[in-house]
Every structure is written in C-alpha cells, then in structure tokens.
*Asks:* 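Mind looking over this structure? Questions follow.
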Amino acid sequence: MLNPASASSPSARAPLLQAIAMTKRYGSFAANDSIDLDLYAGEIHALLGENGAGKSTLVKTMYGLIQPSAGELRWMGEKLELTGPSDARAKGIAMVFQHFSLFDNLTVAENVALGLDGVESFAAMSARLAQVSRDYGLPLDPNREVWRLSVGERQRIEIVRALMQNPKLLILDEPTAVLTPQEADQLFTVLFRLKSEGRALLYISHKLDEVKRLCDTATILRGGKKISTCDPRKETAASLARMMVGAEIGEVKATSARATTVPRLLINDLSLEPDDPHGVHLKGISIEVQGGEILGIAGVAGNGQDELFSALSGERLAPHEDNVIIDGHAAGHLSVTDRRKLGAAFVPEERLGHGTAPRMKLSENALLTGHAASHMVHRGFVDKPKTLETVDKTTKTFDVRKAKRDPEAVSLSGGNLQKFIVGR
Amino acid sequence: MQLVLERRAERSTKIAILSPLLAIALTLVTMSILFAILGKNPAMALYVYFIEPLTDSFTLMEIAVKATPLVMIAIGLSLCYLANVWNIGAEGQFIMGAVCGSYLAVVTNGTDPGPWVLPAMLLMGALGGALWAMIPALCKVRYGANEILTSLMLVYVADLIMDYLVRGPWRDPQGMNFPTTASFDPVATVPTLFETGRIHWGALVALIVVALAAVMLGRTIKGFEIRVVGAAPRAAAFAGFNSKRLVLFTFAVSGALAGLAGIIEVAGPVGVLQPGISPGYGFTAIIVAFLGRLNPVGILIAGLFLALTFIGGEGAQISMKIPLDLTKVFQGILLFYVLACDSLILYRIRLIASPKKAIHGTA
Ligand SMILES: Nc1ncnc2c1ncn2[C@@H]1O[C@H](COP(=O)(O)OP(=O)(O)OP(=O)(O)O)[C@@H](O)[C@H]1O
Ligand SMILES: [Mg+2]
C-alpha cells in the first residue's frame, strides 16, 4: 500500500462508507436484499437499476431515513448506526432528494436555514450561502422566494444546502430527471469539481450515457439484489441496460395509427388568468392534436405548463366552452369527470399528492380517476373487487413492481407509481 | 441537552392505535395530581369518577342517555374533520335543532294533534340544525370566511335566540315565570325503552347513525370523496371532486345530526325547552370525535367514555364535594393529550446534546 501506483486504484484504499449485506424487508418483500457497496473518496459511484430495484431504499438507509432490517454500515472503518438524518449529516453525509423539500412561500435563505443543523446566525448563514453558491458557480439569490424559481434553480438550492454542510459523501437521487440538458451540463461541472476536492459521490440515474460520462464505478441492482459492480466506461449502454433488466432490450417502434377526421384535441385561443398569485397568465394559446400523434410542449418549467394542464384537465374551467374541444365536443366548461367521460385521461406532473393520494391504497387511487367513467361505482356504492381488478390489470400490462397486491401509493418506487398512474 | 421533535421516516401504526390509550393514561395521572392538590384522595376520586358509575344499572343507563347526543354529534363532526372542514359550532346547531323541533311541540301543546307530531319534530330539528350549519358553510364557500370562527360565534347567537324564546313568546303561562316552555305532550315525547330509567329510543337512533356512517365511509363513493378531499386536496380536485360542494355537504350532515340530537334531547330526557339543555355536548363531542380517531366505532366507545366522566363528575360532586367544573377540566386535558399524542404518530421526541433545528422536511 506504500506503492504510489496502487494507492490511486480504489481497491487498495480504505472505503469511506462501506455497506455490508444491507437488507430492508417490508413484510415478506425484500426491497434491498443483502447488498454490499463500497464508496471511496474522490470517486463518483453510479447506482443503476430498473424502477423499483431498490435504489432509493438503499440510499435512504445510508442517510438514516430508513432503518435497515439487517446489515451494517461502516464509516471510515468504524461501525455506523444512524437513528435519523441528523446523525448522517453530523458524520458528513448529505443527500439531494428526487422530490424537493422546499417551502414555496419562504425565501431561498430561509429554506436553507430550515434544513441545516447548527447554531449559526441567520446573517452568517446567508453570507455563507452566497459564498458557497458563488464558489461552485451555482448562482442563487438568497432573498428570492422559492415559488419564483424554476425547477432547476430549486434543485440548485438543495445542492447548495447540501454543500454548505461540507459533506464527505454526497448522495444524489435522480438529480437530472428534472433538468434541461444545459442545466444538467452545469451540474456535471459541479460534480467533477466535488470529486476533485476528494469527496465521494453516489449518483442515481436512469440515463446511461450520463453515467458513462460521469462515473468511475457503477453498481447495478435488480429486484433488490446487487447484480454487479463494474467500470461504466468499459461497458456499452446496451450492456449496462442488459444487466439492469436481465434480458435483451427491444427497440421501441411506433405503430402507425389511423388518421382521424376530427382532431382529438383542439385548443382555441385559450386565455386564462391565474387563480393564485403565484400562477402564470395563459394568453391566446391554440393547439391541435390529431389521433396517433404525440405533441410535446417545451419550455422552461414554471412558464404555464401547470396552468395549461389544469385548463386541459378541467381542474380550471376555460372562459369559453369552445376554448377546449375534445374529440369534437366543446369541453371548456366541462368538469374533470365529464372530460374523462369524453375519453380524455390525464397524467399530472406531481405523482404524489396530485396524481395520487399518497396514503391511500392503489385500489382507492384507481377509484380516484375511474369513479365516473368505468363501472367501479353502483348507485353510490364502491365495487371493491372491481377496483382491485383494475389494479391487477394495470399491474400486469405495465409491469408495476410492488411489495403486495394493494399497497399504499407512497410505498411504490417513483417509476412504478408513474407506470400505475399512466396505466389506470 | 435539548428536546426536539423529529419527523419519523414512516408513520407509526403502533402509536396510532396506542395514542388514545396513552392520552387517557396521562389524563388520569394529571387528574390525580389535581385531586391531591384539592386535598382529596386521588385513588378514591378516580374510583368515584370511573368505576362507581359502572356498578349500578341506573347509572349505566344514564351513561347511555348522555352518550346518545355525544355520539350523534361526534359522528357528524368526524365527517367534517375527515374532509378538513372545521365545524366547531355543533353546540349551536344542537340548540337550533332543539328550538326548531320544539316549535311544533309548543304550538300543538294541549291540542292532541295525533302521532305525526314527533316524527315531524325530529325532521324539523334536523332541518334546523342543518340550516344553522349552512351559514358558516356558505360564508366559507362564497367569501372564504374562516369556518372555525363563524361556526363558533353562531353558538352564542343560537343560545341567545333560545333564551329569548323561552323567556318571551314560548314561556309556559303556568310556569310561575320560570324561563321554560310547557312540558311537552306525550305525543311530542321520545318514548323510553324500558319501564324504569330514562334510556330512550334516541339511543337506538344513535346506533343506527354509527352504522350508517361506517357504511358510508367504508363503502360509498361519497365516503371516499370525504377521505380524499381531507387527505390530498389536489388529488381530489384531479379526481373531479368539488371541494366546495363537500364543505356544504359535510356541514349540512353534521348540522342535521347535531340538530336531531338536540330535539331528541329536549323531547326525550329533558321534556321541555329551557336554558341549559346541554352541558356542552356540542363541544364535548369534538373531544369524542378525536378520541374516537374519527372512526364511527371508535366514536361510539369514546362517547360512552366521556358520558362516564359526566356521570362520574356528578357522583364525585355529591359524595366527595369535588366541583363539577373539574369534569370540564378533565375533558379539556384529555383533548390536549389526545392531540399531543397524535403528533407522536408522525414525529418522535429525541434528546440531543447540541442545539439543533427542530422539524426537518424529508423528501
Ligand atoms: N414503505 C414501503 N412499504 C412497502 N414497500 C415499499 C416501501 N418503500 C418501498 N417499497 C418497495 O420497495 C421497492 C424498491 O423501491 P425503491 O423506491 O427503492 O425503488 P427505486 O429503485 O428507487 O425505483 P425508481 O427508479 O422507480 O425510483 C419497490 O418495489 C417498492 O414498492
Ligand atoms: Mg427512486
């Protein structure tokens, strides 16, 4: 180990954080099944796996948010017991979550203050915030309210907040899922810098080319088990994907659809005042979507996508009946339920809280959108077997992985919940 | 050293079940201390409060009589609270139900109008309570007025309306100037269940209400709607549920149940309309609703328990000269502990060495 050549190869150094046989069981279902993982300082380590493979579960145990059922963590060789996230932060472990935990009505600085342990004064903290964000090229105005910021900027807050703890290990759960390509590039620059400062990074992503570009090591999980640890730069995207899925991946082919005579969706000169002071004013929007067509709406987040979605779904009504025409029927004044009866279906951006009620079972969440258009309700009574049937059908068609037949929506992994929402 | 509340990663189901029991235990400890300060023997006082009433068939029936209005009102309130609608004014709806139902009893007094009177009175009572509840509901839906304040303030308005009526237009001419209506005719009275004791058909009505609420919450789309609006308002809007209509609905139902409880109380055990028909049933029912975990069966049990405190309090006043107000203190302390223990479902208390910020958002 005195040999300088071998000192630079990770295997010769002691790991910063070592996970040994980590297991997390929910009932009889093992979300994590005896996983070993070594993280080294100065290294970006990728954690790969399909939806529901157990990635979030593993990193949440490393951050003290979940108590493992078995297994042990070692921090610089010593046994590490985490009773909560503040323990992890005290050791130097920081985490950037997939879903942000920010308060919209507070300023950037106030949000950061809420997430830090310590006795520092607010002014000193603000100054340090400005300092850190300047140092790392992550510009943030400490006095702006969060609701004014784009998704990318909000993530910057989370990252800066994590960096202000001067962590030895930074965990990022799918950080680029919400970013534009430019924003992602900016993030990579920061990550490389953190690596060169000798910090360890654990990076969860579904984007394999990103992983190949960024990471030194990759650990692949499948069904809660570790499949392998490899050097992603020596693999191809296809070989990584094969390890994740355990089978060859087919190419996605579009089937050509019959052209319809009426457009499926027509938006005519839609203008809508926001109903809350933080909203965006929609002005003169016209869009036409044919059957067999996928229409994408581009734009930086926070520029009216939410408002447009509400106007389309019927959560907000349009000023005129024919502002929104679904399959030839004027629907601008129809409720969400009536639009569903016309054959429209909606998948909102927020999975938990908007698309589903987090603490309710999947069958109840199937009822949420299915109560009007399908046969789950007879004379006001809920047909429970029918709602369960919908869950089973969706589970089968969309391959939703879950621990039991009818779990609460929160317990599903991010990707699997999305599959369920689309499926129902 | 410092105490902090830290958010739990997962909701603790064990504590969710234990919380009401823990709250009751803490309340008993606090009460014992209070008894000791008052110079009474705590063990003796607790016995008189909680055990003695259970040893005698007369007091057992009295518990059922007191539990009847508590359970009916609390069921209605639980629907509101599940939907995140805060009706605090059930006491006023109870009184207005009693007043509206009594109107028929007063105008038909002594005319022997036939058996339709009692059903009509019950209907009027429910209607009166529902209409009174519609005032805060409409103010909330139309103008965004805070329903906690409006519903609470309307309690005092209702109380004064009743006071005016029994002192003025409805006063019993033979009543020697006491502020009370004439005793209701037998056709305008809720019959008792047995020859002896005051337990009456209203107790069965309360049981039916419990059963209906259980079916509605568990099996119907309306019950589902109530739970979704309370648990995830944005998801409820996405489901196409109209939260404003639900405010009106829950207020109307809880007002109707409180009103029905009110008219059953005056047409049953009390027998006349007079001030003081309620020892604060409408407020105590709030405690019943939370102690019963907003669950119909839980509310039935909690209602019987709080009825026990009323009866035990009366017993303690007679045999140990303990002030009756202590019963209210007891109920207040109980609500305090129930709410405090509930926060332990989502948070845990930790003792830590260095001062740190309390509650952290997780993801
Ligand atoms: N509280 C819970 N109760 C029961 N099962 C759970 C719970 N939390 C997670 N699971 C299950 O554990 C499995 C792993 O979930 P996890 O969130 O770790 O997946 P993931 O790899 O992060 O997936 P994704 O890429 O979709 O975010 C899932 O099948 C999920 O349903
Ligand atoms: Mg995840």
Side-chain angles (χ1 to χ4, degrees), chain A residues 56 60 63-67 83-86 89-90 95 97-103 111 113-119 173 310 313-316 335-340 346 348 350 352-360 364-365 367-372 376-377 379-382 384 409-410, chain B residues 2-13 16 82-84 144 212 214-245 249 345-363:
Chain A
S56 297
K60 281 183 191 159
Y63 191 58
L65 267 173
I66 296 180
Q67 296 304 320
T83 57
S86 46
R89 283 192 293 264
M95 181 150 163
F97 291 97
Q98 197 170 357
H99 300 277
F100 307 145
S101 45
L102 299 170
F103 296 96
N111 266 291
L114 280 175
L116 288 180
D117 309 313
V119 279
D173 194 350
S310 303
S313 68
E315 284 162 271
R316 294 213 46 216
S335 66
V336 188
T337 305
D338 289 332
R339 293 184 200 200
R340 289 202 177 104
F346 312 96
E350 274 286 320
L352 289 172
H354 191 185
T356 63
R359 287 273 166 216
M360 289 191 160
E364 294 176 300
N365 274 302
L367 184 62
L368 199 64
T369 54
H371 62 91
M376 295 180 204
V377 181
R379 299 182 184 189
F381 280 86
V382 176
K384 280 208 176 129
V410 268
Chain B
Q2 188 179 1
L3 276 179
V4 296
L5 268 188
E6 194 171 73
R7 206 186 165 91
R8 284 176 195 273
E10 287 154 47
R11 204 184 133 84
S12 167
T13 24
L82 280 172
N84 254 339
L212 288 179
V215 170
M216 180 172 106
L217 283 174
R219 308 280 305 276
T220 68
I221 188 75
K222 197 78 199 169
F224 177 69
E225 180 179 342
I226 289 174
R227 289 184 294 128
V228 181
V229 167
R234 188 128 191 243
F238 181 62
F241 296 140
N242 182 330
S243 64
K244 290 190 169 167
R245 266 212 304 266
F249 175 81
I345 298 172
L346 284 176
Y347 297 91
R348 67 168 153 236
I349 297 177
R350 288 221 306 155
L351 198 64
I352 50 168
S354 64
K356 286 181 180 175
K357 275 272 165 358
I359 302 155
H360 294 292
T362 56

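Note on naming: letters A, B, ... go to the chains in the order of the sequence lines (proteins, then strands), and numbering restarts at 1 for each one. What you are looking at is a predicted structure, and each value in this text was computed from that prediction instead of being measured. Keep in mind that the numbers below use all heavy atoms, side chains included, and drop hydrogens, waters and symmetry copies.
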*Asks:* Cation-pi check, A/R316 to B/F238: give yes when NZ or CZ is under 6.0 Å from the six-membered ring centre and within 45° of the ring axis, no otherwise.
*Replies:*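 Relative to the ring axis of B/F238, which defines the angle, A/R316 lies outside at least one limit.
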*Asks:* Which heavy atom in B/I221 sits nearest to a heavy atom in A/V382, and how many Å separate them?
*Replies:*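 What the structure gives for the nearest pair is N-CG2, 3.6 Å.
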*Asks:* Write down the atom of A/E315, the atom of B/R234, and the distance for their closest heavy-atom approach.
*Replies:*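 Residues A/E315 and B/R234, closest heavy atoms: OE2-O, 4.3 Å.
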*Asks:* What is the distance from atom CE of B/M216 to atom CZ of A/F381, rounded to the nearest 0.5 Å?
*Replies:*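 Answer rounded to 0.5 Å: 10.5 Å.
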*Asks:* Quick check for you: to the nearest 0.5 Å, what is the distance between B/F224 atom CZ and A/L368 atom CG?
*Replies:*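 Between atom CZ of B/F224 and atom CG of A/L368 there are 5.0 Å.
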*Asks:* Quick one: does B/E225's side chain get under 4.5 Å of A/H371's, heavy atoms only?
*Replies:*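 The answer is no; the side chains never approach within 4.5 Å.
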*Asks:* Can you tell me which of A/S310, A/A357, A/G353, A/G314 forms the most heavy-atom pairs within a distance under 4.5 Å of chain B?
*Replies:*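 Of the candidates given, the most pairs with chain B belong to A/G353.
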*Asks:* With rounding to the nearest 0.5 angstrom, report the CZ to NZ distance, B/R219 to A/K384.
*Replies:*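 The CZ atom of B/R219 sits 6.5 Å away from the NZ atom of A/K384.
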*Asks:* Side chain, backbone, both or neither: which part of A/L352 has an atom under 4.5 Å from a heavy atom of chain B?
*Replies:*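 Neither part.
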*Asks:* Check each atom of A/S335 against the heavy atoms of chain B and say whether the ones under 4.5 Å are side chain, backbone, both or neither.
*Replies:*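 For A/S335, there is no contact with chain B at all, as no heavy atom is under 4.5 Å.
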*Asks:* Given heavy-atom pairs under 4.5 angstrom as the criterion, report whether the side chain, backbone, both or neither of A/F346 touches chain B.
*Replies:*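 Its backbone and side chain both get close to chain B.
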*Asks:* Shortest non-hydrogen contact from A/P358 to B/A232?
*Replies:*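 Of all heavy-atom pairs spanning A/P358 and B/A232, the closest is CD-CB, 4.1 Å.
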